[in-house]
Number of protein chains: 2
Amino acid sequence: MATGRTHRPATRSRGIPEATVARLPLYLRALTALSERSVPTVSSEELAAAAGVNSAKLRKDFSYLGSYGTRGVGYDVEYLVYQISRELGLTQDWPVVIVGIGNLGAALANYGGFASRGFRVAALIDADPAMAGKPVAGMPVQHTDDLEKIISDNGVSIGVIATPAGAAQQVCDRLVAAGVTSILNFAPTVLTVPDGVDVRKVDLSIELQILAFHEQRKAGEESAADADAAAGPAVTKNQHRKGPDGDVPAVMPA
Amino acid sequence: MATGRTHRPATRSRGIPEATVARLPLYLRALTALSERSVPTVSSEELAAAAGVNSAKLRKDFSYLGSYGTRGVGYDVEYLVYQISRELGLTQDWPVVIVGIGNLGAALANYGGFASRGFRVAALIDADPAMAGKPVAGMPVQHTDDLEKIISDNGVSIGVIATPAGAAQQVCDRLVAAGVTSILNFAPTVLTVPDGVDVRKVDLSIELQILAFHEQRKAGEESAADADAAAGPAVTKNQHRKGPDGDVPAVMPA
DNA sequence: CCATCTTTGTGCACGCGTTCACAAAGACAT
DNA sequence: ATGTCTTTGTGAACGCGTGCACAAAGATGG
């Protein structure tokens, strides 16, 4: 017995499944596009195609929000845009700070998608004194020393971490201590946060590695038996069977 | 209908669950850190803590790869690093191209995490003639016209799309036609690709919106006051009907 | 007003992923 | 060698997410 049970049943979403929440922005984007083209109504089938999901899934997702459709007709685009926006909390303004104004941080600061939908970059923060005052995306970079004051003055509750991995946890701790309760982490590290703080991570390296896995698998299927020719000492350890896979693992580095 | 999209029942991983594959890079990172500190072995409990996952989950994940641990001791760090690397296909070199060298594309080009682990930026491609030849991350940007040639000359099978949303599908089509079978998409669009092509998307805006949802929920729990009748226009489902187009729907919030 | 047609909303079944809990396996001390 | 102790590997239960398939709801036309 190692640790006591601090079992949280995850986030108690107001009845809306997490998987559904993750798709709402997708629907919202598709709906916004329709709205701009002045399309009045849309069927679940059409909208699902535009969002790249199954239509049954879409209908079930919407059912968690309430009954906003009209049978025989479909969904009112404008109405749905509003409902989803409200559900996602996009009808209010969310000031965010970006910490770590390197290449990525600067790119994020310039990213239009931020401001487009309820999010406003309240401040850019960097630890490098040479960056202080320097304008990025039409906004002066501020020094990390003022982090706490910036957070509290602007009522920031969402922070974006784009620092090197080594600084991420420290920055995270300061953000949380200053009152930030949601963090979007671009640094390749596992962040530890107290209960009640949400962390989402975006990791370019991980995404690429997942792609590489599938890519390797695809390559291995077409021309089977050519990538395993690597030499290596025979290992008595792996006498396990791996199922129907014809893979022959037998290599181990010293 | 226009798109006859065949929906994939996910990828048919050769026995290794997709969820496990997605965690392997996480384990690999933690193991690499241990390796650099010359730690010889690690228990599932320790490694799980470092990777931020449940230890039982980690053991089950590893069980899909084979029996690489020693009971009573743990896992050999070096051995596991190698096994996971091999499983992910990181023992070989993956040339990638980045298309769309704006702020984000440039940031990606400079991102160290790319080159660190089997991935090599083979080329930077942009549609802007003014960018052509300009060095970014010590590498000259090439024009979109040469995309097909670049792909085939370098044997690129992984492409990164960092273009504006409007250009993404077109770029995607050209990449796929040229032989790319894995795409990492940063453009806020749903990409349609033929069977056999993997697409992973990274969407900053979506991540923020998901955070906003939880943030709103957190705020709403503390001060349960305005949830429904907030700023919503007085429109009910049945009354709401947009007449003939021309009228501006009055459903949008401030 | 009734029939028909379209599309939503959802009950249900199934499969995947997660977690628990424990037996088996090996290290280590005596 | 034998017993004890640690840690793995996994069977089994459970819960969530997905997709099918269909009844209910409403529009539309006669």
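The sequence lines fix the lettering, A, B, ..., with proteins before strands; numbering per chain opens at 1.
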Respond yes when some side-chain nitrogen or oxygen of [X] is under 4.0 Å from OP1 or OP2 of [N], and no when none is.
X	N	answer
A:Tyr75	C:dG9	yes
A:Asn54	D:dC20	yes
B:Ser44	D:dT8	yes

* **Proximity of A:Tyr75 and A:Phe62 rings by center, below 6.0 Å** =>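 A:Tyr75 vs A:Phe62: aromatic centres under 6.0 Å.
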Nearest-angstrom distance from the residue atom [atom1] of [X] to [atom2] of [N]:
X	N	atom1	atom2	value
A:Leu65	C:dT10	CG	P	12 Å
A:Glu18	D:dG17	CD	P	8 Å
B:Ile16	C:dC16	CD1	C1'	16 Å
A:Tyr64	C:dG9	OH	P	13 Å
B:Glu46	D:dT6	CD	C1'	12 Å
A:Asp61	D:dG17	CG	P	10 Å
B:Arg59	C:dA21	CZ	P	13 Å
B:Lys57	D:dG9	NZ	P	18 Å

* Choose from C:dA21, C:dG17, C:dT8 the nucleotide whose nearest atom is closest to any side-chain atom of B:Ala56. =>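 Comparing C:dA21, C:dG17, C:dT8 against the side chain of B:Ala56, the answer is C:dA21.
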* **Gap separating the OH atom of A:Tyr111 from the CZ atom of A:Phe119, nearest 0.5 angstrom** =>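 So the gap between those two atoms works out to 11.0 Å.
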* Shortest non-hydrogen contact from B:Ile210 to A:Pro25? ->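 So the minimum-distance heavy-atom pair works out to CG1-CG, 4.4 Å.
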* To do: Could you tell me which non-hydrogen atom of A:Lys218 sits nearest to which non-hydrogen atom of B:Val197, and how far apart they are?
  =>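 Closest approach of A:Lys218 to B:Val197, heavy atoms only: NZ-CA, 4.1 Å.
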Under-3.5 Å N/O pairs linking protein and nucleotides 11-13 of chain D:
{"residue": "D:dG11", "atom": "O6", "partner": "B:Lys60", "partner atom": "NZ", "Å": "3.3"}
{"residue": "D:dA12", "atom": "N6", "partner": "B:Lys60", "partner atom": "NZ", "Å": "3.0"}

Check the interface with nucleotides 25-30 of chain C: list each N/O to N/O pair with the protein under 3.5 Å, or write none.
{"residue": "C:dA25", "atom": "O4'", "partner": "B:Arg71", "partner atom": "NE", "Å": "3.3"}

Under a plain distance cut-off of 3.5 Å, with no hydrogens placed, do [Y] and [X] share a side-chain donor-acceptor pair?
X	Y	value
B:Tyr82	B:Glu78	no
B:Ser205	B:Gln209	yes
B:Ser182	B:Asp198	no

* Given A:Leu191, A:Thr189, A:Val180, A:Leu184, the one that forms side chain to side chain contact (heavy atoms under 4.5 Å, CB included) with A:Ile161 ->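 Going through the options one by one, the only one that passes is A:Leu191.
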* Donor-acceptor contact present, side-chain B:Ser35 to main-chain B:Leu31, <3.5 Å ->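 Such a contact is absent between B:Ser35 side chain and B:Leu31 backbone.
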